[in-house]
Amino acid sequence: MSQSKEKFYITTAIAYASRKPHIGNTYEVIMTDAVARFKRMMGYDVYFLTGTDEHGEKIEVLANDAGITPQTYVDGVSGEIRKLWDMMNTSYDQFIRTTNENHVKVVQHLFKKFYDQGDIYKDEYEGWYCVPCESFFTETQALENGKCPDCGAQMTRKKEEAYYFRMHAYQDRLLAYIESHPDFIEPESRKKEMINNFIKPGLQDLCVSRTSFKWGIPVTFDDKHVVYVWLDALTNYITALGYDVDEKGALYQKYWPADVHMIGKDITRFHTIYWPIFLMAMGEPLPKKVFCHPWFLFGNDKMSKSKGNVLYADQLVEKFGVDGVRHYCLAEMPYASDGNITIESLIKRYNADLANNLGNLVNRTITMTKKYFDGIIPAPNAEEPLDDELKTCAKQTYDGVVNAMNTYHVADAVEILFGLYSRANKYIDETAPWVLAKDESKKARLGTVLYHLLETIRLGACLTAPFMPATADAIFKQLGCDNRTYAWGGLTAGASVGEPEVLFARIDEKKMIAEIEEEQKENARAAAIANAALKEAPQKGKEEPAAEPIQPEITFDSFMKNDLRCALVTACEPVAKSDKLLKLQLDLGGESRQVVSGIAKCYQPDDLIGKKVILVANLAPAKLRGVESCGMILAGGEDDHIKVVFLPDDMPLGTRIR
RNA sequence: CGCGGAGUAGAGCAGCCUGGUAGCUCGUCGGGCUCAUAACCCGGAGGUCAUGAGGUUCAAAUCCCAUCUCCGCAACCA
């Protein structure tokens, strides 16, 4: 401990403990881990923080559905997430949970402090309030004369109290900071997005408390309120270090400000606007960098439960191993644009990089050492000019990897590293050890070649450690050496290598794809059965309350208030500047109606024209995107999976449906 | 005219900031080798770098302008 090492504080976003994270979420932890391990290797004193975000309405609802307390729910999910991170061999120093007692206490202190110093103020939110729906609606949502957009009832003007954070007051300081720290937000495009979309138009004060649900950190001086999400979640980065309002703590003093927050691009706004402003209000320094990584898509689709295309890390680990999955994620994700996961590319990359290039190289080299030298590492005393190329490559690989990693171009770093293994394979071809072995007089040369190969593999293993720690260990074991210093000549001649073992067995692509398809069918079947079971007995499934809960019972009379009619779609066109809305002209036998419907993602106008649909004929009119909508047509599903209910062609127009 | 990004060989990407032989991986075709996991090595084919007989320049994938298409964010989702 003579020299204090330079510190490096790195964090992932905390994962929302509502459900098991998919491979896209897992990517973030893997990537952050690779950087953390790399920095440790470079001699930094690294502190790597990850954890779970455990409050909020959604979790409250999920727990209720499951019939358990939110705390119990969150204990389960958080534990699962942590297990997943552990399985992926991530080297975090701390796993924080926002239900952690200390975190809760500090958030409360901060809230109070902000309130006392005038950054947080209590205001009355005034808006239209619908009593039956127990909800607020904005001016633009409300229908004419203040009718409820949900149920059509007459709403009242109502005031509700809420706490707001004076974001606006810090706007200029934030902009100045971002502009004077060009590296603060990366990639660059995200920075522009933030500045142009949010900061320059003027920051809105942020609502930082809620009264509509209970599962959150209570505001100490006003117990109707709980602290709303981001003030709670973001502060994990410092509460984890023991920060408190009047007692900063040793870890905090040592590690703050963060060197980099690794986050998904979807939460850029919170990390590059609100979080810095909270810190300014605390009088604390801002993080040095927020790196907004892209997302993994499945094929070309966003991964989503409803599309049934979600991949989970543990599932992939079964097929490809921990390092197979780590390697794929790290090598495949581009720097700024979204990456695509497909099973085919997973297999291809696994075979090409891991089995053929790296695995086979190690295997053939160790085997030759066994075969020609009884496993004793020979001395390199018959060098030839050709060898310099290999050494130069090793040197350049190091520089290249360091360079790429320092700018978080992880995929580039991996590619450069594998270039070294590739060069070593070529070296075998150039030197043809099996030919040298036939000539006793070339023994010294043969030994030199093998030494160079073993040494190159050793150096490669040093650099592989941050990406695939277990594989690096396995390579060192086969080399019979654990010298992880990146300098040519670290292997000791005369020592013994270990036993050759296959690092990555080749995967039969066709066979595995067939296997996976089979599993997916099975999963689909299981899901279908589970869904059916849910419908019959709407009990509480813990994971994924897939079906929307059944609404409270109503009487026949109240149902009959809905006037449903058979109507013909006579014309249909998209609504300008909207990607979900279609404007439909309906004929219900004499009367015609204009209706706007949010189904454009699923239907083309031509799909609808000439079809008969069910119209809710007595729904209060509304304006959508400025277009008048008088009624709605019945459809099921959400987002990208909406199905309109069509009626038989021979049903007369205007027929009442019940 | 909301903001931003992207369009480069069959596929996936790099190069663009700091103009000057268009590169990598997979696939494909041909050859070599046998130490090794049917692996490894070499070579070929395949690109008018979205479009504009546009602008700047001795020189444009790279800088500027216009158009088209896709994506993300925002808005909208009766």
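Proteins come first, then strands; the chains are lettered A, B, ... in the order of their sequence lines, and each starts at number 1. Since the model is a prediction, treat every value here as computed from it, not as a measurement.
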List every contact pair, protein side and nucleotides 22-27 of chain B side both N or O, where the distance is under 3.5 Å.
unit_1  : atom_1 : unit_2    : atom_2 : d
rC24(B) : O2'    : Glu415(A) : OE2    : 2.9

What is the distance from [atom1] of [X] to [atom2] of [N], rounded to the nearest Å?
X         : N       : atom1 : atom2 : answer
Asn351(A) : rA38(B) : CG    : P     : 11 Å
Glu430(A) : rC35(B) : CD    : C1'   : 15 Å
Ile185(A) : rC73(B) : CD1   : P     : 17 Å
Phe418(A) : rA39(B) : CZ    : P     : 17 Å
Leu358(A) : rC40(B) : CG    : C1'   : 14 Å
Leu203(A) : rC3(B)  : CG    : C1'   : 15 Å
Leu354(A) : rU37(B) : CG    : C1'   : 12 Å
Leu453(A) : rC40(B) : CG    : P     : 15 Å

On a whole-Å scale, what distance lies between the [atom1] atoms belonging to [N] and [M]?
N       : M       : atom1 : answer
rA9(B)  : rU48(B) : C1'   : 13 Å
rG7(B)  : rA14(B) : C1'   : 15 Å
rC29(B) : rG72(B) : P     : 36 Å
rA50(B) : rU37(B) : P     : 45 Å
rA60(B) : rA39(B) : C1'   : 43 Å
rG15(B) : rA6(B)  : P     : 10 Å
rC26(B) : rG43(B) : P     : 14 Å
rG46(B) : rG23(B) : C1'   : 15 Å

Looking at residues at least two apart in the chain, or sitting in another chain, which of them share a ring-ring contact (aromatic ring centres under 6.0 Å, His included) with [X]?
X         : value
His181(A) : Tyr177(A)
Phe418(A) : His327(A), Tyr421(A)
Phe291(A) : Tyr335(A), Tyr408(A)

Electrostatic pair [X]:[Y] at N-O distance under 4.0 angstrom:
X         : Y         : result
Lys391(A) : Glu455(A) : no
Asp473(A) : Lys477(A) : no
Arg423(A) : Glu430(A) : yes
Arg445(A) : Asp387(A) : yes

> What residues form a salt bridge (charged side-chain N to carboxylate O under 4.0 Å, His left out) with Arg364(A), not counting sequence neighbours?
Replying inline: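 None.
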> Mapping Lys438(A) and Phe504(A) to their closest nucleotides on RNA chain B, which lands nearer the 5' end?
Replying inline: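 The residue whose closest nucleotide sits nearer the 5' end is Lys438(A).
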>> Both Met632(A) and Arg269(A) contact RNA chain B. Which one's nearest nucleotide lies toward the 5' end?
In response: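 The answer here is Arg269(A).
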> Which ones in residues 319-329 of chain A lie close to RNA chain B, meaning a heavy atom under 4.0 Å from one of its atoms?
Replying inline: none
>> Using a strict heavy-atom distance below 4.0 Å, which residues from residues 361-378 of chain A are in contact with RNA chain B?
In response: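 Per residue number, the list reads Asn363(A), Arg364(A), Thr367(A), Met368(A), Lys371(A), Tyr372(A).
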> Which residues satisfy the side chain to side chain donor-acceptor pair (under 3.5 Å) test with Thr407(A), sequence neighbours excluded?
Replying inline: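 Thr407(A): side chain to side chain donor-acceptor pair (under 3.5 Å) contacts with His409(A).
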> Listed by chain and number, what are the side-chain contact (heavy atoms from CB on, under 4.5 Å) partners of Gln396(A), not counting sequence neighbours?
Replying inline: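 Partners of Gln396(A) under the side-chain contact (heavy atoms from CB on, under 4.5 Å) test: Thr392(A).
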> Listed by chain and number, what are the side-chain contact (heavy atoms from CB on, under 4.5 Å) partners of Ala444(A), not counting sequence neighbours?
Replying inline: Asn381(A), Ala382(A)
> Where the side chain of Asn356(A) is concerned, which of rA39(B), rG32(B), rG72(B) is the nearest nucleotide?
Replying inline: rA39(B)
> Given rC42(B), is OP1 or OP2 found less than 4.0 Å from the side-chain N or O atoms of Lys426(A)?
Replying inline: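 Checking Lys426(A) against rC42(B): at least one side-chain N or O falls below 4.0 Å of OP1 or OP2.
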> OP1 or OP2 of rA39(B) less than 4.0 angstrom from a side-chain nitrogen or oxygen of Asn357(A), does that happen here?
Replying inline: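 No.
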> Passes side chain to side chain donor-acceptor pair (under 3.5 Å), Tyr427(A) versus Thr456(A)? Steps please.
Replying inline: CA-CA 10 Å; Tyr427(A) 180 78; Thr456(A) 302; over 6 Å; no
> In dot-bracket form, how is RNA chain B paired, counting a Watson-Crick or G-U wobble pair only if both its distances are under 3.5 Å and using | for bases paired to another strand?
Replying inline: .(((((((.[[[[.)....(..]]]].(((((.......))))).....[[[.[[..)....]]]]])))))).....
>> Can you classify the ring geometry of His293(A) versus Tyr27(A) as parallel (below 30°), tilted (30 to 60°) or perpendicular (above 60°)?
In response: perpendicular
>> Categorize Asn360(A) for me: base, sugar-phosphate, or nothing, with a 4.0 angstrom heavy-atom threshold over every strand shown.
In response: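 It contacts base atoms.
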> Under 3.5 Å, is there a donor-acceptor pair between the Asp323(A) and Thr471(A) side chains?
Replying inline: yes
> Does Lys443(A) make a cation-pi contact with Phe373(A) (under 6.0 Å, within 45 degrees of the axis)?
Replying inline: yes
With a 3.5 Å cut-off and sequence neighbours excluded, list the donor-acceptor pairs that the side chains of residues 502-509 of chain A form with protein atoms.
unit_1    : atom_1 : unit_2    : atom_2 : d
Arg506(A) : NH1    : Asn356(A) : OD1    : 2.7
Asp508(A) : OD1    : Lys510(A) : N      : 3.2
Asp508(A) : OD1    : Lys511(A) : N      : 3.2

